[in-house]
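Working notes for the structure below.
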Amino acid sequence: MSEGREQLPGTMEPLREQLEAVLMVVDEPVTVAQLAEATGADHGAVAAELSALARDFDGLAGAPRRGFELRELAGGWRIYSRPAHADVVERFVMEGQTARLTQAALETLAVVAYLQPVTRSRVAGIRGVNSDSVMRTLVSRGLAAEAGTDPQTGAVLYETTGYLLQTLGLGSLQELPKLSAHLPGLSELGDLASTDEAFRASGL
């Protein structure tokens with residue numbers, strides 16, 4: 001354990017690894033309570049380890065500073081790339097604009113198109129994998145855009161753009177093809193869309 005980092009009795013190293021594993025896949029800030037429930041640790045131990053992790057990533061506990069940081073925003077914790085490297089990240093993302101969309105990007109775009117407006121966590125739940133970086137790519141390429149926030153959770157909502165319709169040669173979203181014929185394995189999105197629409201209309 002690096003000098004200057006608090007160590008609580010018990011299982012701090014496994015807890016640290018568990019927290020890092022969860023923080024690497026979340027696409028929205030997560031609370032101490034959520035992390036405590038996921039790891040089975042008490043709130044105090046989780047809060048202390050999160051603070052220690054943040055110091056570790058900042059290079060304040062004997063280890064080199066990392067290219068990412070752990071921030072607490074609006075009561076939740078999440079890993080972000082450091083603002084100091086924003087130009088490198090932007091260049092990496094923008095240079096990929098001329099490349100063809102990956103399978104992951106196509107799947108994410110399909111979910112957004114048929115369920116919009118939709119949160120990143122909803123997309124991730126349907127795809128079964130974190131879609132945070134893929135969504136950022138779609139936004140940077142002008143194919144998706146933020147569409148306000150979910151009134152229940154406060155999470156950012158996403159929708160497709162007019163540029164996507166132009167690219168596909170469509171006049172409106174109503175002209176999108178039926179999923180069953182073009183997206184094998186994702187045919188259930190039609191039912192999910194109806195369910196989501198009914199849920200939002202209910203105000204629950």
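These numbers come from the heavy atoms of this one structure, side chains and all, not from hydrogens, waters or symmetry mates.
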So do the side chains of [X] and [Y] get within less than 4.5 Å of each other, counting heavy atoms only?
X: R16; Y: L53; result: yes
X: V123; Y: M135; result: yes
X: T149; Y: L157; result: no
X: Y158; Y: Q116; result: no

List the atom of [X], the atom of [Y], and the distance in Å for their closest heavy-atom pair.
X: V118; Y: V112; result: CG1-CA, 3.9 Å
X: G75; Y: T31; result: O-CG2, 3.5 Å
X: D150; Y: T119; result: CB-CG2, 4.4 Å
X: N130; Y: A124; result: CA-CB, 4.2 Å
X: G142; Y: T161; result: O-OG1, 2.5 Å
X: L109; Y: L143; result: CD1-O, 4.0 Å

Gap between atom CD of Q18 and atom OG1 of T39 - 0.5 Å precision: 6.0 Å
Cluster link L173 to L138, ILVMFWY, side chain under 4.5 Å: yes
Path from V25 to V32 over hydrophobic side-chain contacts below 4.5 Å: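 Not linked; separate clusters.
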S131 side chain vs R127 backbone, donor-acceptor pair below 3.5 Å: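 Side chain of S131 to backbone of R127: no pair is present.
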Donor-acceptor contact below 3.5 Å, side chain E37 vs main chain Q34: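 No; judged by distance alone, with no hydrogens or angles, the pair does not exist.
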I126 and L115: CA distance, side-chain angles, deciding distance, side-chain contact (heavy atoms from CB on, under 4.5 Å) verdict: CA-CA 11 Å; I126 292 171; L115 295 185; 3.1 Å; yes
Co-members of the apolar cluster containing Y80 [side chain, <4.5 Å]: L73
Crowding at CZ, R66 (>12 non-hydrogen neighbours, <6.0 Å): no
side-chain contact (heavy atoms from CB on, under 4.5 Å) assessment of T137 paired with T108: CA-CA 10 Å; T137 298; T108 301; over 6 Å; no
Within residues 25-57 or reaching into it, pairs that qualify as ring pair (Phe, Tyr, Trp, His ring centres under 6.0 Å) - sequence neighbours excluded: F57-F68
Inter- and intrachain pairs under salt bridge (charged side-chain N to carboxylate O under 4.0 Å, His left out), touching residues 79-88, at least two apart: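 Listed once each, the pairs are D58-R82, E69-R82.
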